[in-house]
Number of protein chains: 2
Amino acid sequence: MLRAVLTHPTPAELLAFLREHVHAGGVTLHLAGELEVVYAGRAASMAEAGDRFVIVKADGSLQVHGPRGVKPVNWQPRTDFLQADLEDGCVLLHAERRSPAEVVRVRVLSCALVSALTLTDDALFLLQGTEAQMQEALARHPEVIEPGLTVLDRELLVGVGGLDLYARDAQGRYVIVELKRGKAGHEAVHQLSRYVGAVRPQVPGVVRGILAAPDITTPALRALEAAGLEFRRIEALPQVQEEALQPLLFQ
Amino acid sequence: MLRAVLTHPTPAELLAFLREHVHAGGVTLHLAGELEVVYAGRAASMAEAGDRFVIVKADGSLQVHGPRGVKPVNWQPRTDFLQADLEDGCVLLHAERRSPAEVVRVRVLSCALVSALTLTDDALFLLQGTEAQMQEALARHPEVIEPGLTVLDRELLVGVGGLDLYARDAQGRYVIVELKRGKAGHEAVHQLSRYVGAVRPQVPGVVRGILAAPDITTPALRALEAAGLEFRRIEALPQVQEEALQPLLFQ
DNA sequence: TCATAGATATCGATT
DNA sequence: AATCGATGTCTATGA
């Protein structure tokens with residue numbers, strides 16, 4: 001897994017190290033030191049310098065981190081071109097991307113540590129508690145939303161975007177359900193409103209719209225009610241939690 | 001800047017290393033190896049294992065990276081509690097956060113490389129090309145949007161949310177301008193539509209809504225026209241670029 | 001603290 | 001390639 005590591009290399013040593021490892025298959029590079037970074041792309045440009053570290057992964061993604069926070073100070077999700085050079089006695093990392101056109105240039109003023117790792121590809125991976133799981137749970141147990149509700153379809157496409165749940169209530173009225181796994185805001189109300197407006201002309205009778213979420217912002221609730229739509233608080237999904245937790249036990 | 005580095009430490013050596021450096025001031029840790037990660041918090045929980053590396057920064061932020069992508073596979077933006085222990089002969093990193101309650105546990109099955117760096121705090125930093133700059137530019141030169149336009153206000157609050165620009169056209173009609181620095185989509189149309197709807201009842205006469213952006217998606221343009229709103233393509237902001245560059249010189 | 005909106009958002013699915 | 005929707009989005013800002 002560990003291919004090589006150097007502490008306090010000279011620019012020439014660093015350049016040789018980078019050239020040896022940067023384009024080798026499956027290699028992740030980690031370089032810490034005093035760096036100058038320039039980014040230009042999309043609509044913004046940026047310049048920045050200080051104690052930083054750079055990570056270059058095998059897929060060509062590059063990120064420059066500062067002393068704080070999860071978010072990199074500069075990054076490039078995918079590079080079409082990646083090269084290391086000497087310029088004015090300093091190593092220069094140059095990463096380019098087309099479509100959108102972007103450049104990140106990292107000048108290494110001094111390097112304290114550089115390492116090359118071989119990370120084998122992904123391992124098993126589980127995620128639960130997503131909106132997809134919430135949708136699955138409520139499709140199976142629509143009575144949590146409202147007694148007498150029958151689910152007709154999930155992810156039904158209407159114009160642009162898809163309805164989370166398309167159902168019929170006890171009185172036979174069509175019901176459109178929009179799900180949010182977190183607190184619902186304006187955009188959820190507009191989404192639901194848009195779907196209801198798209199379905200109404202296509203079916204006879206009343207079309208109800210229900211926003212189902214664990215919580216809703218106060219202004220969003222006002223907007224929802226003003227639009228004649230409904231909110232259902234989803235407190236818990238007991239069946240789902242048990243089912244979903246099972247895989248964890250067999251880890 | 002480089003405090004310490006170890007290759008292939010035993011669990012006991014690794015534990016001692018972590019305990020020595022993890023709570024020292026201004027230290028960033030980098031640990032690569034075979035890791036098992038469990039996250040639980042908010043609405044989701046997740047389990048995941050494989051060749052990974054962990055970065056713990058001085059602010060307590062923790063991120064676990066896999067072989068691909070800029071985004072970490074697991075992370076914790078801020079930790080209230082961070083601790084390293086031995087469990088079943090493996091080092092276990094335990095990071096907790098209250099409000100929201102979240103836990104990330106990293107079990108180190110094997111460690112190839114661990115390092116401790118001291119990154120001094122931030123350096124100079126420049127950014128340009130933001131929406132705020134675009135707003136400033138168009139407020140000064142509203143003729144780019146439309147000849148005869150007079151800007152009345154910027155960031156005017158109406159109910160919830162704020163108008164980017166509030167203006168009057170050559171015929172004296174009120175105009176609401178929504179800006180996007182990139183390609184405008186649905187959400188920009190909904191935002192503008194919401195603002196226009198909020199302002200209309202409060203002023204006499206016609207209220208126009210203009211979405212000003214370098215580009216717009218086809219569905220968004222259809223929605224915009226259906227709502228009786230307008231699109232203005234903003235190709236370039238020549239005056240702004242010069243002005244915006246000035247502060248750079250004095251940084 | 002809550003609510004809103006921007007972001008070089010990233011990422012995956014689907015057309 | 002373009003577009004849309006979700007994200008453990010994160011982060012800044014204002015009420």
Side-chain angles (χ1 to χ4, degrees), chain A residues 37 39-46 61-64 68-78 97-104 127-135 155 157 159-164 178-188 191 194 215-222, chain B residues 39-46 61 63 68-78 97 99-104 127-135 155 157-164 178-188 190-191 194-195 215-223:
Chain A
V37 186
Y39 163 83
R42 306 198 211 181
S45 65
M46 173 193 257
S61 66
L62 178 148
Q63 47 195 311
V64 184
R68 286 171 299 118
V70 167
K71 197 185 170 187
V73 291
N74 294 87
W75 68 94
Q76 192 83 283
R78 183 176 56 81
R97 175 182 181 183
R98 299 167 191 77
S99 172
E102 289 178 295
V103 184
V104 174
L127 179 63
Q128 52 183 271
T130 61
E131 190 177 284
Q133 286 202 340
M134 185 176 172
Q135 185 189 112
E155 302 276 359
L157 295 177
V160 262
L163 311 180
D164 284 336
E178 170 70 22
L179 305 178
K180 288 293 159 200
R181 54 157 296 287
K183 193 176 237 189
H186 275 134
E187 68 303 330
Q191 227 172 313
R194 188 153 50 90
D215 203 357
I216 185 167
T217 68
T218 313
L221 182 58
R222 279 202 299 269
Chain B
Y39 162 84
R42 308 206 204 174
S45 68
M46 175 194 255
S61 66
Q63 48 194 310
R68 286 172 298 118
V70 167
K71 198 184 172 185
V73 291
N74 294 86
W75 68 95
Q76 193 80 284
R78 182 176 56 81
R97 175 182 182 181
S99 170
E102 289 178 295
V103 184
V104 174
L127 179 63
Q128 55 179 268
T130 61
E131 190 178 285
Q133 285 201 342
M134 185 177 174
Q135 186 190 111
E155 301 279 354
L157 296 176
V158 289
V160 263
L163 312 180
D164 284 337
E178 172 69 24
L179 305 177
K180 288 293 160 201
R181 53 158 292 288
K183 193 176 238 189
H186 274 136
E187 68 303 330
H190 286 300
Q191 228 173 315
R194 188 153 49 89
Y195 294 152
D215 203 358
I216 186 167
T217 68
T218 312
L221 183 57
R222 278 201 301 268

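The chains referred to below are lettered A, B, ... by the order of the sequence lines, with proteins before strands, and numbering in each begins at 1. What's counted below: heavy atoms across the whole structure, side chains too, no hydrogens, waters or symmetry copies.
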Integer-rounded Å distance: [N] [atom2] and [X] [atom1]:
| X | N | atom1 | atom2 | result |
| --- | --- | --- | --- | --- |
| A:Q63 | C:dA9 | CD | P | 17 Å |
| B:K180 | C:dT4 | NZ | C1' | 11 Å |
| B:D215 | D:dC4 | CG | P | 12 Å |
| A:R98 | D:dA1 | CZ | C1' | 16 Å |
| A:K183 | D:dA6 | NZ | P | 19 Å |
| B:L163 | C:dA5 | CG | P | 10 Å |
| A:E187 | C:dA3 | CD | P | 12 Å |
| B:E131 | C:dA5 | CD | P | 11 Å |

Does A:N74 or A:A184 map to a spot on DNA chain C nearer the 5' end, using the closest nucleotide for each?
A:A184

With DNA chain C as reference, determine whether B:L179 or A:I216 sits nearer its 5' end, using the nearest nucleotide of each.
A:I216

How is B:Q191 classified with respect to the nucleic acid when contacts are heavy atoms under 4.0 Å: base, sugar-phosphate, or nothing?
sugar-phosphate

Touch check for A:Q135, heavy atoms < 4.0 angstrom, all strands: base, sugar-phosphate only, or nothing?
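A:Q135: no heavy atom of the nucleic acid under 4.0 Å.
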
Determine yes or no for a side-chain-to-main-chain donor-acceptor pair under 3.5 angstrom, with [X] supplying the side chain and [Y] the backbone.
| X | Y | answer |
| --- | --- | --- |
| A:N74 | A:V64 | no |
| A:Q135 | A:E131 | no |
| B:Y195 | B:G162 | yes |

Taking only the C1' atom of each, what is the distance from C:dA7 to D:dA6 in whole angstrom?
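Taking atom C1' in both C:dA7 and D:dA6, they lie 16 Å apart.
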
Atom P, compared across C:dT8 and C:dT4: separation rounded to whole Å
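To the nearest whole Å, 23 Å.
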
Is any side-chain nitrogen or oxygen of [X] closer than 4.0 Å to OP1 or OP2 of [N]?
| X | N | answer |
| --- | --- | --- |
| A:R194 | D:dC4 | no |
| B:T217 | D:dA2 | no |
| A:H186 | C:dA3 | no |
| B:Y195 | C:dA5 | yes |
| B:R222 | D:dT3 | no |
| B:R181 | C:dA9 | yes |

Quick test: give all pairs of protein nitrogen or oxygen and nucleotides 10-13 of chain D nitrogen or oxygen below 3.5 Å, distance rounded to 0.1 Å.
| unit_1 | atom_1 | unit_2 | atom_2 | d |
| --- | --- | --- | --- | --- |
| D:dC10 | OP1 | B:R42 | NH2 | 3.3 |
| D:dC10 | OP1 | B:W75 | NE1 | 3.0 |
| D:dC10 | OP2 | B:R42 | NH1 | 2.9 |
| D:dC10 | OP2 | B:R42 | NH2 | 3.4 |

Considering only heavy atoms from C-beta outward, does the side chain of A:P219 approach that of A:H186 to under 4.5 Å?
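Yes - at least one pair of side-chain heavy atoms lies under 4.5 Å apart.
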
Taking all atoms of both residues into account, what is the closest heavy-atom pair of [X] and [Y], and its distance?
| X | Y | answer |
| --- | --- | --- |
| A:Q63 | B:G69 | NE2-O, 3.8 Å |
| A:D215 | A:K183 | OD2-CE, 3.0 Å |
| B:M134 | B:K180 | CE-O, 3.4 Å |
| A:L179 | A:D164 | N-OD2, 2.8 Å |

Look at the side chain of B:T130 and decide which nucleotide, out of C:dT4, D:dT3, C:dA7, has an atom nearest to it.
C:dA7

